[in-house]
S.K.: 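What follows is a single structure, and I will ask about it in a moment.
All residue numbers refer to positions in the sequence shown, counting from 1. Predicted model, so just to flag it, every value in this text is computed and none were measured.
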Amino acid sequence: MSENVVHLHKATDPPTADTTPTVLTVVPDAPPARPVPLWVRSGRAIKSGVTHESTRATVRAAARHGLYTLNGGRIVARRAWDGRTGSRYERMIRAAEAAGNLEAAEEWEERLQRFRAARHHRRMDLLHSPVEAAKGMAVGAGMSIGVLVALGVVMAISTGHVGDVITPLSATVDFIALLIRIVQIVWGPALSIGPFLALLALWSVGRKQQAAPAWALPANVRNGEGEPITPSIVVKALRDLGVPALARAIKEMGDAGASMLGPIRIAGCGVEVDVTLPSGVATNEVQAKRRKLAENLTRHEHEVFITIPQAARTVRLWVADSGALDEPIGPSPLVTDDTMTADYTKGKAPWGQDLRGDAAALSLYQRHLLITGLSNQGKTVALRSLALWLSLDKSVQFLMGDLKGAGDWNMFDGLATTLIQGPTDEHVIQVTEMVEGAVTEMNRRLQAPPGTVFPPLIVLVDEAQVAFMCPAKGTGKDKRPYGGAKADSRYFMAVRKIHNQGRAVNVLMWQGTQDPTNENLPKLVREGAHTRASLALGTESQARMALGDKAVDGGAAPNLLRPGLDRGTLVVASDGISIPAGQSSITVRTHYIDDDAATAITDRAKALRDGVTTLHAIDRSAEHDPLADIAAVIGDAPRVRTKDVLARLSARNSDAYGEWSFLDLKRVLDDADAGPYKSDGVMVVSRDRVARALANRDGDGSASAD
């Protein structure tokens with residue numbers, strides 16, 4: 001027998017899963033949703049239908065075509081009124097007076113007087129015309145009947161029937177009756193269809209003139225996609241520019257505001273038009289509102305360029321087709337034409353295309369060059385493309401310094417006499433001494449006999465701002481800084497010396513810099529360049545540094561180019577490129593030449609030469625071997641002219657060979673039994689003779705030092 005034990009105390013331990021009591025929770029059903037009132041649902045449906053894009057498109061289409069017809073009638077009526085009255089001439093007179101052109105006003109007044117005289121003469125003729133018309137009709141009818149009767153007589157004589165005399169008359173009467181019956185049949189439908197045809201004609205006129213509000217026009221026109229530039233659009237854009245004097249003058253001109261405009265000409269991927277501004281409106285007032293003018297023309301700011309031509313009180317507008325400037329231009333002729341060569345003296349480098357789509361070519365003859373812009377905008381490629389073209393002239397020599405050191409100029413190894421690449425202070429020192437060596441060569445050329453012709457020597461420094469900002473100073477007695485913009489700066493002074501006198505002896509300075517300031521691009525250096533070009537910049541003050549005040553005041557605006565999107569687009573101020581008359585600059589979209597294509601071009605350039613040994617550092621040591629240096633600068637060429645040997649020696653070690661003359665070179669070579677000799681009328685140095693002299697000297701264990 002078992003017993004159940006009943007515990008009377010309350011358990012304090014928490015219940016376990018087995019002992020937890022089951023709890024049933026009753027969840028009531030959600031109350032039914034309140035029905036949406038009928039008027040709310042109806043309102044939503046109406047709103048959805050009214051605001052639907054199909055409804056909007058239908059309303060716009062209906063309004064557009066209705067207004068085409070209405071405004072087309074207004075246009076036709078205005079044309080008819082202009083044709084019958086002198087209102088057109090009066091508008092032209094008011095427009096000329098508003099523009100301050102009194103000569104044009106007098107000319108239009110004379111035309112108005114001639115029109116009124118001719119109209120008066122026609123009205124006086126109407127007084128006599130009814131009588132003359134009646135006489136003419138009577139005479140014409142009598143002659144017609146006489147001719148028909150004569151024709152009937154001839155027929156009667158021919159057939160022998162007297163009744164044939166009236167046959168032509170009866171045939172004519174029957175024909176007239178037929179015409180009357182045709183008119184009676186057609187007249188009713190014509191009266192019904194005629195108004196519709198008239199409305200269709202008016203609609204066609206309104207549609208051609210886009211005579212409807214902007215909100216009712218098609219989407220492509222509202223968004224400015226493909227909208228043509230017409231005189232009325234240009235005048236309206238100028239009227240709404242926000243220049244009070246211009247708006248008042250156009251208002252006084254009435255519909256004749258287009259008298260300010262010259263012919264709209266197709267120019268490349270856009271159109272060009274000259275606008276003669278009314279009296280009291282300055283050209284810079286229009287220039288300052290380039291963005292607003294572009295938007296009034298349904299274009300982006302970068303698609304409108306404003307320049308100042310030679311004519312007084314005139315601005316020249318170039319308006320691109322929508323999106324045309326975002327399309328790339330074709331490849332460079334340097335890439336597509338394997339037979340192309342260069343001519344430093346008479347040729348021009350194929351650099352790209354101007355905004356009109358014409359080829360833009362730059363003459364490099366005796367012109368110092370400066371290209372600047374923001375970082376990563378295509379400065380090195382634009383500068384390199386000029387050097388690539390010039391390398392195809394085998395007479396041109398290069399001294400190159402790349403203070404970025406990213407390998408952008410590697411393809412000139414074996415083509416340039418000196419190629420220094422790197423961003424450090426040591427590289428700046430090397431580049432500075434390279435430029436100073438070019439100064440020594442320039443001085444030697446300046447002291448040569450009159451009439452001496454020198455080969456072109458291009459001293460090219462990319463990322464030149466690194467040199468100007470370098471803090472390094474000389475050692476020993478010479479404590480002058482290498483960088484800086486003062487008279488004690490070695491790089492600054494070397495560049496200034498080449499700018500001052502280099503072009504006279506074909507020693508030219510090319511520099512590429514980025515983000516110009518007065519510290520990294522001194523005023524005297526930038527103004528010493530004959531050709532100045534700029535990619536996209538940040539401010540107008542930088543644009544003035546890059547191109548000069550004259551170019552910027554004339555409309556040059558590299559600060560309005562779009563960084564990144566307008567990569568490779570340059571604003572150029574130079575007399576070496578064809579610039580439209582009256583303008584101070586031109587915008588060029590440069591060809592892009594990648595590294596592989598550039599290497600192929602330099603390979604062709606190397607094939608034109610006898611061989612060049614490229615120095616990658618300037619030897620600044622006091623010890624040097626003249627005979628070994630002569631062998632080094634000759635390279636693989638069988639023979640080299642003595643003046644070229646002297647130039648290469650000077651570039652190799654300006655301290656040792658900068659003052660050398662032909663007699664110094666001849667002395668060293670004669671002592672080694674490798675003296676220069678004349679070939680084809682010029683003195684040359686033989687590679688084999690110098691190599692043999694070195695071999696003989698080394699075999700004897702002798703050394704030559706200077």
Side-chain angles (χ1 to χ4, degrees), residues 332 334-335 342 344 349 351 362 364 368-373 375-394 396-435 437-438 456-468 470 491 495 498 507-514 531 533 535 567-568 570 590-609 611-618 635 648 651-652:
S332 170
L334 290 171
V335 178
Y344 162 76
W351 211 8
L362 179 67
L364 303 173
H368 301 303
L369 175 67
L370 171 65
I371 299 180
T372 187
S375 177
N376 196 30
Q377 298 303 308
K379 167 182 55 62
T380 295
V381 173
L383 183 62
R384 189 176 67 182
S385 65
L386 297 177
L388 288 172
W389 176 79
L390 199 55
S391 69
L392 297 176
D393 184 339
K394 63 181 181 179
V396 178
Q397 302 171 4
F398 292 97
L399 302 177
M400 291 184 169
D402 175 17
L403 294 177
K404 180 167 57 178
D408 293 331
W409 299 87
N410 280 341
M411 65 287 301
F412 282 87
D413 192 357
L415 186 61
T417 306
T418 302
L419 176 60
I420 300 170
Q421 301 182 91
T424 66
D425 289 350
E426 179 61 27
H427 291 100
V428 172
I429 294 172
Q430 294 276 348
V431 168
T432 300
E433 294 181 348
M434 177 191 76
V435 179
L457 176 61
I458 306 300
V459 186
L460 189 152
V461 179
D462 196 10
E463 306 295 341
Q465 76 279 354
V466 177
F468 287 111
C470 178
Y491 181 79
V495 173
I498 295 178
V507 178
L508 303 177
M509 191 76 208
W510 290 9
Q511 294 185 98
T513 70
Q514 61 176 258
T531 295
L535 296 114
R567 184 178 290 111
L570 287 161
T590 59
H591 296 295
Y592 176 73
I593 304 177
D594 59 27
D595 291 349
D596 293 338
T599 301
I601 296 170
T602 53
D603 288 343
R604 286 159 42 199
K606 292 172 186 176
L608 299 174
R609 290 166 165 78
V612 176
T613 301
T614 299
L615 303 179
H616 297 281
I618 303 298
R648 296 176 185 181
R652 182 182 180 90

S.K.: I'd like to know if the side chain of Trp351 reaches the main chain of Ala382, judged simply by a donor and an acceptor atom lying under 3.5 Å from each other, with no hydrogens or angles considered.
M.R.: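 A pair under 3.5 Å: yes.
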
S.K.: Using ring pair (Phe, Tyr, Trp, His ring centres under 6.0 Å) as the criterion, list what pairs up with Tyr592, not counting sequence neighbours.
M.R.: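 Listed in chain order: nothing, the list is empty.
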
S.K.: Quick check: does any side chain N or O of Asp393 sit under 3.5 Å from a backbone N or O of Tyr344, one acting as donor and the other as acceptor?
M.R.: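 At least one qualifying donor-acceptor pair exists.
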
S.K.: Looking only at atom types and distance, does a side-chain atom of Thr590 sit under 3.5 Å from a main-chain N or O of Gly568, one as donor and one as acceptor?
M.R.: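 Judged by distance alone, yes, a pair lies under 3.5 Å.
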
S.K.: How far apart are the closest heavy atoms of Ile593 and Ser385, and which atoms are they?
M.R.: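 The answer is CD1-CB, 4.0 Å.
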
S.K.: Pick one: which of Ile371, Leu370, Thr531, Ile458 meets side-chain contact (heavy atoms from CB on, under 4.5 Å) with Trp510?
M.R.: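 That would be Ile458; it is the only one of Ile371, Leu370, Thr531, Ile458 passing the side-chain contact (heavy atoms from CB on, under 4.5 Å) with Trp510.
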
S.K.: How many angstroms lie between atom CE of Met400 and atom CD1 of Ile420, to the nearest 0.5 angstrom?
M.R.: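 Rounded to the nearest 0.5 Å, the CE-CD1 separation comes out at 12.0 Å.
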
S.K.: Do you know the tightest heavy-atom contact between Leu419 and Phe412?
M.R.: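 That would be CD2-C, 4.2 Å.
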
S.K.: For His427, which residues count as a ring pair (Phe, Tyr, Trp, His ring centres under 6.0 Å) partner, sequence neighbours excluded?
M.R.: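 Residues passing ring pair (Phe, Tyr, Trp, His ring centres under 6.0 Å) with His427: none at all.
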
S.K.: Atom CD in Gln511, atom CG in Leu460: separation rounded to 0.5 Å?
M.R.: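 The CG atom of Leu460 is 9.0 Å from CD of Gln511, to the nearest 0.5 Å.
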
S.K.: Rounded to the nearest 0.5 Å, what separation is found between the CE atom of Met434 and the CD atom of Gln430?
M.R.: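 Those atoms lie 10.0 Å apart.
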
S.K.: Using side-chain contact (heavy atoms from CB on, under 4.5 Å) as the criterion, point out the one residue from Val435, Leu457, Leu508 that pairs with Ile498.
M.R.: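 One option only clears the test, and that one is Val435.
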
S.K.: Only one of Asp595, Asp408, Asp462, Thr602 forms a side-chain hydrogen bond (donor to acceptor under 3.5 Å, both in side chains) with Arg384, so which one is it?
M.R.: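 So the option named by the test is Asp595.
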
S.K.: Can any side-chain N or O of Lys606 pair as donor or acceptor with the backbone N or O of Asp413 at less than 3.5 Å?
M.R.: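 Such a contact is found between Lys606 side chain and Asp413 backbone.
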
